[in-house]
Amino acid sequence: MSAMAEATPALQKESSRREIPWVTLGWLAFLISLLFFSVITGMVKEWSDEEDMGHGFFVLPVVAYIIWQRRDELAQIPIRPNKWGYLLIGWSFFQLLAGTLGADFFVMRTALIVSILGVLLTTCGWPMIKALAMPLFLLLFMIRIPLFIYSQITFPLQLFASKVAEASLSILGIPVLREGNILELTSQRLSVIEACSGIRSLLSLTFLSLVYGYFFDSRPWMKWVLLIATIPIAILANASRVTITALLSEYDPELARGAYHTFEGWVIFMVALVALIATHKILSLIISRGRPAAPQNPEVSIAR
């Protein structure tokens, strides 16, 4: 009898555990897709047209893979529906309406994220949102930053890339005159436009650093280091791209245009990605060598 009495609370606890409402989540996801259809198609078009948002195509697959990989862990999380989620859903609707009337794409697109949070809170509760904090945060990389912030970031990056290219070309003995973000060469005039500011590398590399840190290192401080390291790596990589473009244009001006220029950008981006991974490997090696070796327990022989 006592054994049965002890087992009863465990059985009650097991029977009271609620499963993730996949059917409800599926229907709500379908309704959100209909409501935000024009917003979603606009984002997809931007991912295709804008080089600095090309990583947007990879956000949803990465988020889906993270959730699928943690499916067993998520299944153990207690389901506690919270009525405050309805408030978030209502807020997202009015935010979508305000963004549509004001033609503010950032407001409309962030309303999509708010609606997703509202649905999760309504159906699953705060514990599920807390467990999914990382993939939910990654969804923000689908959205382009506001234009007024974008312009504040790109122009200083344009000037920095131009200055680095001017200094590098002068060291190499190539005559160059810089006026702001314009480089005057003997063969032609190069303008470091917004697309060449490095913002594309910075946004994409930031996304990849978060994903890389999530999958390949469990130390929180290392993830922060990798995230911070993306800034100088992306900026220096883009400055190198401008310098290389100027060098190639002295040999053949056509190498600074069209497909050649795009290909150079992808090569430099891959170099920046390798530099980020190398930074992680080097830091891990330094930390492992600086850590004292664990003392070995000597074998104790017992005379019989």
Side-chain angles (χ1 to χ4, degrees), residues 13-14 16-33 36 40 43-44 47 53-82 85 88 109-110 112-143 201-230 233 269-270 272-285 287-288:
K13 183 177 180 181
E14 185 68 25
S16 64
R17 178 181 294 169
R18 301 178 60 180
E19 295 183 355
I20 298 176
W22 293 111
V23 176
T24 304
L25 286 173
W27 273 108
L28 290 175
F30 175 72
L31 293 176
I32 288 176
S33 300
F36 288 89
I40 296 172
M43 287 195 298
V44 173
W47 301 342
M53 287 302 298
H55 61 270
F57 285 106
F58 302 98
V59 174
L60 282 179
V62 169
V63 169
Y65 178 74
I66 291 175
I67 294 175
W68 178 82
Q69 188 186 47
R70 299 177 56 190
R71 62 192 183 280
D72 294 334
E73 175 189 343
L74 296 176
Q76 302 302 319
I77 296 175
I79 303 301
R80 298 170 184 169
N82 193 311
L88 284 179
R109 293 166 182 178
T110 50
L112 174 61
I113 307 298
V114 174
S115 68
I116 294 173
L117 292 174
V119 167
L120 283 175
L121 183 59
T122 302
T123 56
C124 300
W126 286 114
M128 185 63 70
I129 291 181
K130 184 179 179 181
L132 293 174
M134 174 60 180
L136 289 175
F137 177 75
L138 290 178
L139 291 178
L140 292 174
F141 285 88
M142 298 189 303
I143 304 172
S201 300
L202 183 57
L203 292 175
S204 300
L205 201 63
T206 300
F207 170 70
L208 290 176
S209 71
L210 290 171
V211 175
Y212 177 82
Y214 176 83
F215 284 111
F216 295 100
D217 204 301
S218 60
R219 295 167 291 187
W221 67 267
M222 179 64 80
K223 296 177 182 179
W224 279 105
V225 169
L226 292 177
L227 182 61
I228 295 173
T230 58
I233 289 175
F269 179 77
M270 294 306 298
L273 181 58
V274 170
L276 179 67
I277 297 174
T279 301
H280 174 242
K281 299 298 183 183
I282 292 172
L283 287 175
S284 299
L285 182 62
I287 295 299
S288 62

Is the distance between the ring centroids of Y65 and F215 under 6.0 Å? yes

Spatial distance of atom CD (Q69) from atom CG (L74) [nearest 0.5 Å]: 10.5 Å

On a heavy-atom basis, the closest approach of L227 and S209 is CD1-OG, 3.7 Å

At their closest point, which heavy atom of M134 faces which heavy atom of Y214, and how far apart are they? CG-CD1, 3.7 Å

F216 CZ to L226 CG distance, which is reported to the nearest 0.5 Å: 11.5 Å

Using the ring-ring contact (aromatic ring centres under 6.0 Å, His included) definition, which of the options F141, F57, F58 pairs with W47? F57

With rounding to the nearest 0.5 Å, note down the distance linking CD1 in I79 to OG1 in T123. 7.5 Å

Criterion side-chain hydrogen bond (donor to acceptor under 3.5 Å, both in side chains) against E73, the qualifying member of R70, Q76, R71: R70

Just list the side-chain donor-acceptor pairs under 3.5 Å for residues 274-281, sequence neighbours left out, or say none.
{"residue": "T279", "atom": "OG1", "partner": "A275", "partner atom": "O", "Å": "2.7"}
{"residue": "H280", "atom": "ND1", "partner": "Y212", "partner atom": "OH", "Å": "2.9"}
{"residue": "H280", "atom": "NE2", "partner": "D217", "partner atom": "OD2", "Å": "2.7"}

Can you check side-chain contact (heavy atoms from CB on, under 4.5 Å) on T122 and L28, steps first, answer last? CA-CA 11 Å; T122 302; L28 290 175; 6.0 Å; no

Please give me the minimum heavy-atom distance between C124 and P21, naming the atom from each residue. SG-CD, 4.1 Å

Can you tell me how far CD1 of I77 sits from NZ of K130, rounded to the nearest 0.5 angstrom? 10.0 Å

Give, for atom CG of L88 and atom CD1 of I129, the distance between the pair rounded to the nearest 0.5 Å. 7.5 Å

Pair I143-L112, side-chain contact (heavy atoms from CB on, under 4.5 Å): steps then yes or no: CA-CA 10 Å; I143 304 172; L112 174 61; over 6 Å; no

Within the side chain of H55, is there an N or O that forms a donor-acceptor pair under 3.5 Å with the backbone of F207? no

What heavy-atom pair brings V59 and L139 nearest, and what distance separates the two atoms? CG1-CA, 4.0 Å

Taking all non-hydrogen atoms of both residues into account, name the closest pair between L121 and G85 and its distance. CD2-N, 3.5 Å

Shortest non-hydrogen contact between L120 and L25, atoms and distance: CD2-CD2, 4.3 Å

Please name all residues satisfying side chain to side chain contact (heavy atoms under 4.5 Å, CB included) with L208, sequence neighbours left out, ordered by chain then number. F269, L273

Could you measure the distance from the CE atom of M128 to the CZ atom of R80? Nearest 0.5 Å is fine. 11.0 Å

I113 versus M142: any side-chain heavy-atom pair under 4.5 Å? yes

